[in-house]
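These values consider heavy atoms only, across backbone and side chains, with no hydrogens, waters or symmetry-generated copies.
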Amino acid sequence: MIEISVNGEIKDVSENLNVKELIQVLEYKTKGFAVAVNTTFVAIDRYEETIIRHGDTIDILAPVQGG
């Protein structure tokens, strides 16, 4: 297990997860959110190749609707 921060909350997750797997483990159901790892935006087509490491800070931002 490794320790990461997700939206400011400390989480313990399995080693060698990629961003796509992390989203599944955290049970995010919303489509169309943005993900940043250590303040760097990760494009959707790079989710599977971006591996989460111990100590990483992950920000998952859902779209905001309104007018």
Side-chain angles (χ1 to χ4, degrees):
M1 297 294 274
I2 61 172
E3 188 174 274
I4 61 173
S5 173
V6 179
N7 293 342
E9 186 177 329
I10 301 300
K11 304 260 186 194
D12 290 317
V13 297
S14 299
E15 290 186 61
N16 298 316
L17 289 179
N18 62 37
V19 170
K20 182 178 180 180
E21 293 165 333
L22 177 67
I23 290 167
Q24 293 170 344
V25 166
L26 296 176
E27 298 180 348
Y28 276 84
K29 306 274 189 242
T30 306
K31 301 268 186 206
F33 44 80
V35 176
V37 178
N38 300 321
T39 70
T40 301
F41 171 75
V42 179
I44 291 172
D45 62 351
R46 302 208 44 171
Y47 280 10
E48 291 186 43
E49 64 190 59
T50 303
I51 303 299
I52 304 302
R53 308 254 184 250
H54 178 75
D56 279 351
T57 299
I58 315 300
D59 294 300
I60 302 174
L61 307 169
V64 176
Q65 295 182 349

**Study point:** Side-chain heavy atoms of D12 within contact of I2, under 4.5 Å
**Key:** no

Point to revise | Heavy-atom side-chain proximity of F41 to V35 below 4.5 angstrom | key: no

Point to revise | V6 vs Y28 side-chain heavy atoms within contact, under 4.5 Å | key: yes

Practice item. Evaluate the side-chain contact (heavy atoms from CB on, under 4.5 Å) criterion for residues N18 and Y47: first the C-alpha distance (whole Å), next the side-chain angles of each, then the deciding distance (0.1 Å), finally the verdict. Key: CA-CA 6 Å; N18 62 37; Y47 280 10; 5.7 Å; no

Practice item. Mind checking side-chain contact (heavy atoms from CB on, under 4.5 Å) for D56 and listing every partner two or more places apart, or none if nothing turns up? Key: I4, V37, N38, I52, R53, I58

Practice item. Would you confirm whether N7, through its side chain, and I60, through its main-chain N or O, come within 3.5 Å as a donor-acceptor pair? Key: yes

Revision key, fill the gap. Note: E48 and K20 closest approach over all heavy atoms is OE2-NZ, 3.4 Å

Check your understanding: With distance as the sole test, does H54 use its side chain to make a donor-acceptor pair with the main-chain N or O of E3 at under 3.5 Å?
Key -> yes

Check your understanding: Any side-chain heavy-atom pair from L17 and I51 closer than 4.5 angstrom?
Key -> no

Check your understanding: Where do L26 and K11 land on the side-chain contact (heavy atoms from CB on, under 4.5 Å) test, with the steps shown first?
Key -> CA-CA 10 Å; L26 296 176; K11 304 260 186 194; 4.2 Å; yes

Review point. When you measure from the side chain of T50 to the backbone N and O of R46, does any donor-acceptor pair fall under 3.5 Å?
Key: yes

Exercise for review: For side-chain contact (heavy atoms from CB on, under 4.5 Å), just list the numbers for I23 and F33, CA-CA rounded to whole Å, side-chain angles, deciding distance to a tenth of an Å, and then say yes or no.
Suggested key: CA-CA 10 Å; I23 290 167; F33 44 80; 3.5 Å; yes

